[in-house]
Amino acid sequence: DPHPGNVLCHRHPITGQPQLVVLDHGLYTELTRSQRSTLTRLWTAIIESDEETGTRISTDELGVPNFELLASMLLQFPYRSFSPFKGAATIKDHALMQKMARERMHEVTETLEKLPIEYSL
């Protein structure tokens with residue numbers, strides 16, 4: 001169930017680097033090794049704010065040219081405002097997501113159509 005409540009990020013106790021923990025994936029379908037790898041690398045790029053890697057995965061592997069939109073959809077949070085160590089969304093964050101949803105719904109729909117069905121559930 002890919003939503004922000006099922007993605008945790010904390011600092012690795014030894015290295016201090018951000019560490020991604022994905023919960024509850026596979027509940028609805030079995031993902032192939034390739035799909036798991038793609039999702040893991042995509043989520044890691046999102047959490048680490050690695051736009052170059054995220055854009056490459058989004059574009060080359062998923063056929064979605066707009067990494068920022070895809071990241072915002074997966075996070076259910078504005079990507080540009082996201083930090084794995086930030087607290088709860090602010091009123092401004094919610095307003096931005098509502099504005100994006102209103103103005104870009106056609107892009108959201110097009111993006112969902114490009115993704116493997118397993119990623120959309």
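Count residues from 1 along the sequence.
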Could you tell me which residues satisfy ring-ring contact (aromatic ring centres under 6.0 Å, His included) with F82, sequence neighbours excluded, listed by chain and number? none
Within a strict 4.5 Å, meaning less than it, do heavy atoms of the K114 and S58 side chains meet? no
Flag side-chain contact, heavy atom, 4.5 Å: M100 against V108: no
Could you pull out all residues at least two apart from E103 that satisfy salt bridge (charged side-chain N to carboxylate O under 4.0 Å, His left out)? K99
Test of understanding: with side chain to side chain donor-acceptor pair (under 3.5 Å), list the residues that count as partners of E107, not counting sequence neighbours. R104
Taking the side chain as everything from C-beta on, heavy atoms only, tell me whether L75 gets closer than 4.5 Å to V7. no
In chain order, what residues pass the salt bridge (charged side-chain N to carboxylate O under 4.0 Å, His left out) check against R36, with sequence neighbours excluded? none
Test side-chain contact (heavy atoms from CB on, under 4.5 Å) applied to Q35 - qualifying residues, sequence neighbours left out: L31, T32, P116, E118, Y119
Would you please name every residue forming a ring-ring contact (aromatic ring centres under 6.0 Å, His included) with F67, sequence neighbours left out? Y79
Heavy-atom side-chain contact between L115 and V64 under 4.5 Å: yes
Value for OG1 (T38) from CG (D60), rounded to nearest 0.5 Å, stands at 11.0 Å
Apply salt bridge (charged side-chain N to carboxylate O under 4.0 Å, His left out) to R56 and list each qualifying residue two or more places apart in sequence or on a separate chain. none
If I compare all heavy atoms of C9 with all of P18, which pair ends up nearest, and what's the gap? SG-CB, 4.0 Å
What distance separates T111 OG1 from L69 CG, expressed to the nearest 0.5 Å? 4.5 Å
Heavy-atom pair with the smallest gap, counting every atom of R11 and G16: NH1-O, 3.3 Å
Among residues two or more places apart or on two chains, list those pairs meeting salt bridge (charged side-chain N to carboxylate O under 4.0 Å, His left out) that have a residue in residues 64-80. E51-R80, E68-R80
Could you pull out all residues at least two apart from H12 that satisfy side-chain contact (heavy atoms from CB on, under 4.5 Å)? I14, T15, Q19
Side chain to side chain donor-acceptor pair (under 3.5 Å) partners of T53, counting only residues at least two apart: D50
In chain order, what residues pass the side chain to side chain donor-acceptor pair (under 3.5 Å) check against S37, with sequence neighbours excluded? R41
For a 4.5 angstrom cut-off between non-hydrogen side-chain atoms, does L42 reach L74? yes
Only pairs under 3.5 Å count here: list side-chain donor-acceptor contacts from residues 88-98, not counting sequence neighbours, and write none if there are none.
from	atom 1	to	atom 2	distance (Å)
T90	OG1	K92	N	3.4
T90	OG1	D93	N	3.0
T90	OG1	D93	OD2	3.1
D93	OD2	K86	NZ	2.9
D93	OD2	T90	N	2.9

